Amino acid sequence: MQPLAKAEILIEALPYIKKFYGKTVVIKYGGHAMTDPELKDKVITDIVLMKYVGINPVIVHGGGPEINYWLEKTGQEFRFVNGMRVTDEKIMEIVQMVLIGKVNKEIVGLVQKNGGKAIGLSGIDGDMIKVSKKVVEKDGKKIDLGYVGEVEHVNPHLILSAIEQGHIPVIAPIGTNGNGDVYNINADYVAGSIAGALEADKLVLLTDVEGVLDQKGNLVSSLSIKEAQEFIKTGVIDGGMIPKIECCIEALLSGVKTVHIVNGRLPHAMLLEIFTHSGVGTMVVKE
Ligand SMILES: Nc1ncnc2c1ncn2[C@@H]1O[C@H](COP(=O)(O)OP(=O)(O)OP(=O)(O)O)[C@@H](O)[C@H]1O
Ligand SMILES: [Mg+2]
């Protein structure tokens, strides 16, 4: 590429850099988008670049496949209801070890390897995420998911001071009920609540599909809350996409300006989303 063309690309990004300078962008990095090490490195590089041009990225991560791997390795059976893992005490132990001990620290290490500063946190630290026990209904019946939490309150104090110190906060989706019990929370809900508590400008959910797909499998580039609810009712949106959509709706209603579901397996998808005209993935909008 000619040097002049390179300069033009940088200049093209200027309006976007100006728009997001000093703003907070919460990124949910799904476990399913994390399976390829090379891609993982690219995603983290994008986030470090965002930090250096003056954006405040906050990472909330999942870790589903990694948890499955360790549950299988330790011979424990598991199942999901509405995209959420049924979590008994023994499973919770593994979930906590994998999310906080392994996945979280791995991301912190990758940020630092790429020249950024990061601090790994969970909802337990600084009493950040208070939860109640989540109750779900399936086919008219109430289902006990065990140690699965519903976010009641986010105390953003620790996140804000980490940002002030120049760190990229990396948050594992585990919270407490105030009685010393720890709960597993779907990372999408955590990302949505944190984006709300931080009054973030943008919430980006990186996953392993192009975005929301309709009944024919085509990408929906803009999805309203009403359409999303209809898709859930008719089963077009299913499994792990349900908490994602619910989180998008909650974030929009609590004042987050834009919410996107983006393919984390597409190299530099997030950079394209933030710094160019060409939007990728699904944007969820109020109307
Ligand atoms: N209408 C739909 N459009 C797109 N994906 C859908 C739809 N309905 C269900 N899905 C499923 O939702 C999945 C994404 O959610 P999933 O929980 O598996 O990943 P994640 O949240 O990115 O990772 P993790 O849960 O590990 O953090 C897709 O891979 C797809 O199988
Ligand atoms: Mg998920």
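This structure is a prediction, so every number in the text was calculated from the model and none was measured. Ligands are counted one by one from 1 in listed order, and the atoms in each one are counted from 1 as well.
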[atom1] ([X]) with more than 12 external heavy atoms under 6.0 Å:
X	atom1	result
Lys133	NZ	yes
Lys90	NZ	no
Glu89	CD	no
Glu150	CD	yes
Glu199	CD	no

Quick test: of every protein heavy atom, which one is nearest to [atom], and how far off is it to 0.1 Å?
atom	value
atom 12 (O) of ligand 1	Met241 N, 3.4 Å
atom 4 (C) of ligand 1	Gly211 O, 3.3 Å
atom 22 (O) of ligand 1	Thr207 OG1, 2.7 Å
atom 3 (N) of ligand 1	Leu213 N, 2.9 Å
atom 8 (N) of ligand 1	Asp238 N, 3.1 Å
atom 25 (O) of ligand 1	His32 ND1, 3.9 Å
atom 21 (O) of ligand 1	Lys244 NZ, 2.5 Å

Which atoms of ligand 1 have any heavy atom of [X] under 4.0 Å away?
X	result
Gly30	22 (O), 23 (O), 27 (O)
Ile237	1 (N), 8 (N)
Gly62	27 (O)
Pro65	26 (O)
Val236	1 (N), 2 (C), 7 (C), 8 (N)
Gly63	26 (O)
Val212	3 (N)

Heavy-atom proximity to atom 28 (C) of ligand 1, picking from Val60, Ile261, Thr282, Asp208, points to Asp208
Identify which of Gly264, Gly240, Ala187, Gly64 has a heavy atom lying nearest to atom 26 (O) of ligand 1. Gly64
Do Tyr183 and Tyr147 have ring centroids that are under 6.0 Å from one another? yes
Heavy-atom distance under 4.5 Å between the side chains of Ile261 and Val212, does that happen here?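 Side-chain contact under 4.5 Å: yes.
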Pro243 heavy atom under 4.0 Å from ligand 1: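 Checking ligand 1 against Pro243, which is what was asked, there is no heavy-atom contact under 4.0 Å.
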Which bit of Val209 is near ligand 1, meaning a heavy atom under 4.0 Å away: side chain, backbone, both or neither? side chain
Below a 4.0 angstrom heavy-atom separation, can you tell me which part of Lys28, side chain or backbone, both or neither, approaches ligand 1?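 For Lys28, only side-chain atoms sit under 4.0 Å from ligand 1.
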Any protein heavy atom sitting closer than 4.0 Å to atom 31 (O) of ligand 1? no
Under 3.5 Å side-chain donor-acceptor pair for Glu227 and Ser224: yes
Does one side chain, of Lys202 or His260, offer a donor that lies under 3.5 Å from an acceptor on the other?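 His260 and Lys202 do have a side-chain donor-acceptor pair below 3.5 Å.
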Please say whether the positively charged group of Lys19, taken as NZ for Lys or CZ for Arg, lies over the ring of Phe275, i.e. under 6.0 angstrom from the six-membered ring centre and within 45 degrees of the axis. no
Mind listing the closest non-hydrogen atom pair of Lys257 and Leu252 along with its distance?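 It is O-CD2, 4.0 Å.
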Pairwise distance CD(Glu246) to CG(Asn186) - rounded to 0.5 angstrom: 9.5 Å
